[in-house]
Amino acid sequence: MSEIEWNLPEMVSKAYAPLFNSKKRYIVYKGSRGSGKSEAEATKVIYDILTKSYVNWLVLRRYANTNRQSTFTLLQKVANRMGVGSLFQFNSSLPEITYKPTGQKILFFGADKPLSITSISVETGNLC
Ligand SMILES: Nc1ncnc2c1ncn2[C@@H]1O[C@H](COP(=O)(O)OP(=O)(O)OP(=O)(O)O)[C@@H](O)[C@H]1O
Ligand SMILES: [Mg+2]
């Protein structure tokens, strides 16, 4: 098994690095336009999947059909930058991302279809 060395404060804007290990129920990223909020959260999503085997992520935008060109693509870009892109299967038509070693999922839905968010189940671990 190979080892990956990540230096979190260097990977995301410094202000957001402490949020990686926060145990709080709600975490809000605030900052001006282009301050790195989205990149920091995307990095945390990939980090969580790799370091916590029970975590699956549900990513919500206001409209489900805007995920493909924003959150999904961002997560793909960030996973590649972190050097772990090949460990994931990226299904852009759903869209959905699967962590190949365990089957953990990153799912994408929208607040425009509230009923589609109920009763989501995942193969392994819990939805976060
Ligand atoms: N860790 C990083 N590594 C490389 N580039 C980064 C990183 N964080 C941010 N950037 C760059 O900064 C830009 C802005 O980052 P990001 O989109 O995350 O900001 P934001 O706070 O979400 O902006 P907005 O308020 O517009 O949503 C990105 O396009 C990206 O190129
Ligand atoms: Mg953003």
Side-chain angles (χ1 to χ4, degrees):
M1 201 156 107
S2 56
E3 227 170 71
I4 311 170
E5 270 194 31
W6 284 327
N7 184 338
L8 294 175
E10 277 177 16
M11 283 159 58
V12 297
S13 304
K14 254 202 194 80
Y16 304 130
L19 301 176
F20 274 71
N21 299 313
S22 170
K23 296 265 197 303
K24 297 272 193 250
R25 184 173 180 89
Y26 298 104
I27 300 176
V28 177
Y29 290 72
K30 61 175 187 173
S32 57
R33 200 85 213 263
S35 58
K37 303 180 291 293
S38 300
E39 297 261 349
E41 182 51 24
T43 307
K44 178 168 157 40
V45 168
I46 299 295
Y47 175 82
D48 276 356
I49 295 276
L50 267 85
T51 56
K52 303 176 185 86
S53 58
Y54 55 89
V55 164
N56 295 262
W57 265 93
L58 171 63
V59 179
L60 279 176
R61 273 176 72 86
R62 180 162 185 192
Y63 300 107
N65 64 6
T66 61
N67 273 310
R68 206 189 331 265
Q69 279 155 332
S70 58
T71 51
F72 176 83
T73 309
L74 175 63
L75 281 161
Q76 193 164 21
K77 180 180 102 176
V78 167
N80 288 332
R81 189 171 64 214
M82 292 167 82
V84 294
S86 62
L87 297 177
F88 290 88
Q89 190 190 332
F90 296 93
N91 182 334
S92 69
S93 51
L94 272 172
E96 181 181 285
I97 300 174
T98 308
Y99 181 49
K100 291 193 255 182
T102 62
Q104 283 160 272
K105 301 268 186 198
I106 305 172
L107 305 171
F108 300 85
F109 284 85
D112 53 335
K113 293 181 198 139
L115 288 178
S116 73
I117 302 163
T118 62
S119 317
I120 295 173
S121 52
V122 285
E123 288 164 43
T124 168
N126 298 303
L127 201 56
C128 295

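Atoms within a ligand are numbered from 1 in the order they appear, just like the ligands themselves. In what follows, every heavy atom counts, from backbone to side chain, and hydrogens, waters and symmetry copies are set aside. As the structure is a prediction and not an experimental result, all values here were calculated from the model.
Other residues, nucleotides and ligands place more than 12 heavy atoms under 6.0 Å from the NZ atom of Lys100. Around the NZ atom of Lys52, the shell of radius 6.0 Å holds more than 12 heavy atoms that belong to other residues, nucleotides or ligands.
In summary, the atoms of ligand 1 found under 4.0 Å from a heavy atom of Ser38, numbered by their order in the structure, are 18 (O), 20 (P), 22 (O), 27 (O). Of all atoms in ligand 1, numbered sequentially from 1 with element shown, those under 4.0 Å from a heavy atom of Arg33 are 24 (P), 25 (O), 26 (O).
In this structure, Asn56 CG and Lys105 NZ are separated by 9.0 Å, a value rounded to the nearest 0.5 Å.
At least one heavy atom of Arg81 sits closer than 4.0 Å to an atom of ligand 1. Note on ligand 1: Ser13 sits outside its first shell, no heavy atom being nearer than 4.0 Å.
At least one donor-acceptor pair closer than 3.5 Å links the side chain of Asp112 to the backbone N or O of Ala64. At least one donor-acceptor pair closer than 3.5 Å links the side chain of Thr102 to the backbone N or O of Gln104.
Contacts with ligand 1 closer than 4.0 Å are made by backbone heavy atoms (N, CA, C, O) of Met11 only, the side chain lying farther away.
The shortest contact between atom 19 (O) of ligand 1 and any protein heavy atom is with Gly36 N, 3.0 Å. Closest to atom 23 (O) of ligand 1, if we only count protein heavy atoms, is Gly34 N, 3.0 Å.
Within 4.0 Å of atom 13 (C) of ligand 1, not a single protein heavy atom is present.
For atom 29 (O) of ligand 1, the nearest non-hydrogen atom from the set Lys30, Glu39, Lys37, Met82 comes from Glu39.
For the 3.5 Å distance criterion, the side chains of Ser70 and Arg61 qualify, holding a donor opposite an acceptor.
Residues Glu41 and Tyr29 approach most closely at OE1-OH, 2.5 Å, considering heavy atoms.
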